[in-house]
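Written out below as structure tokens is the structure these notes cover.
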Amino acid sequence: MNDKKMHIESRLAQIGSVEEPVTGAINYPIYQATAFRHPKLGQSTGFDYARTKNPTRSVLEAAIADLESGDAGFACSSGMAALQTVFTLFAQGDHFIVSLDLYGGTYRLLEQILSKFGISSSYVDTNDLAALEEVRQPNTKAILIETPTNPLMMVTDIGAVSAWAKQHQLLTIVDNTLLSPYFQRPLELGADIVVHSATKYLGGHNDVLAGLIVTKGEVLSQQVGFLHNSIGAVLSPTDSYQLMRGMKTLALRMERHESNALTVAKHLKEHPQVAEVFHPGLEDHPGYDIQKKQASGNTGIFSFKLTDARYIEPVLRHIKLVAFAESLGGVESLMTYPTVQTHADIPLEIREAVGVDDTLLRFSVGIEHVDDIIADLDQALEAARREIQEG
Ligand SMILES: *Cc1c(COP(=O)(O)O)cnc(C)c1O
């Protein structure tokens, strides 16, 4: 792999570019093979069967381990497959503490599937150490953090929570999807496992579904490696290639996502039809200081509430450049309505307790020119205002 001392921009751009010794190909090839010939009995090239190990996937796995400052990386067929593989470290009777404002699919996996296998979860504001202590049980084994959370952008102090977890022999798992290793590296702050929906910023182009796991320490790396191979929700060689191609430009994309999102958030904050803006890069956000301490930048995602729920339908109908679509982290701007889309599987009372209501929109700001994004939002808000006013 590349020199550890190089900057992350260089390591990203060079993913896979020095690993191919036969032809010197600058982009690591797609080894579309599931079986590998053994030189003789008792010998292996290091590759036997592709569920266990495929050369293209191995280059990606080494790259994400390096980028996240971990010891081993594992590429999975989706973010959910990565989370499920990690959850399989645990057994019947175990208990998790989980961030309250959580990706809806993760909540569904925990509540509708893991619960059937006797694994229970408590949902709390993971930045509140007293609340963590309150829900901790003798059988609590891990804490799962999203920071910032999606959609409400609540920020958790990864260092403080990891230290608390270590005191109680709990594993700290961080879903780092929203910031990517370019802006935040939880393992450096004390976490044990990082999980990504690489479908989002790492892939970056809304064209590959993938998940990644990075572990710290030999024991955990071996355990997750065993599960990754045994469960088999692994990433294909072609998708591994596609993901690496996206990751090469991560640094440039994140810089533009960050600056565009902050500019749009500041604009909306002053807009008369906007009631509230949730962006941890705004100084009045409660997570501003922690975010600044533990991450070198901000995600391109933020959410905002309109002053009237009746604006939602016409705004989503009138946006043109910005697509009304369910995902985040790609180069194209996407608008999501969490209460009916990404968070529909979270019960109403939990949604309301955290503030995911029918006036909330989540915006994944793309890398288009920021003036065009703002113009599109302004015309959609104005069209919605006119429609409501005219009844
Ligand atoms: C999208 C997402 C997931 C799920 O990943 P998939 O690749 O869609 O399976 C998990 N966590 C977060 C924070 C996400 O945004």
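Whatever order the structure lists them in is the order used to number ligands and atoms, beginning at 1.
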- Only counting residues at least two apart or in another chain, list the ones meeting side chain to side chain donor-acceptor pair (under 3.5 Å) with Ser230. none
- Query: Cation over ring, Lys141 on Phe90, under 6.0 Å and within 45°?
  - Reply: no
- Taking only residues two or more places apart in sequence or in another chain, which ones pass ring-ring contact (aromatic ring centres under 6.0 Å, His included) with Tyr337? none
- Query: Which atoms of ligand 1 are found less than 4.0 Å from any heavy atom of Ser78?
  - Reply: 7 (O), 9 (O)
- Note on the structure: If you scan protein heavy atoms around atom 3 (C) of ligand 1, the nearest is Tyr103 CE2, 3.4 Å
- Taking the minimum heavy-atom distance to atom 5 (O) of ligand 1, which of Ser77, Gly211, Ser197 ranks first? Ser197
- Item | For Tyr123 against Ser121, the heavy-atom pair lying closest together | OH-CB, 3.6 Å
- Note on the structure: protein heavy-atom neighbour closest to atom 15 (O) of ligand 1 works out as Lys200 NZ, 2.7 Å
- Could you check His196, Arg185, Lys216 and say which one makes a side-chain hydrogen bond (donor to acceptor under 3.5 Å, both in side chains) with Glu68? His196
- Task: Working to the nearest 0.5 Å, report the span between CD of Gln273 and CG of Leu381.
- Result: 5.0 Å
- Gly79 N/O under 3.5 Å from ligand 1 N/O: yes
- Query: What do you reckon, does Asp175 have a nitrogen or oxygen under 3.5 Å from a nitrogen or oxygen of ligand 1?
  - Reply: yes
- Judging by distance only, is a nitrogen or oxygen of Met80 under 3.5 angstrom from one on ligand 1? yes
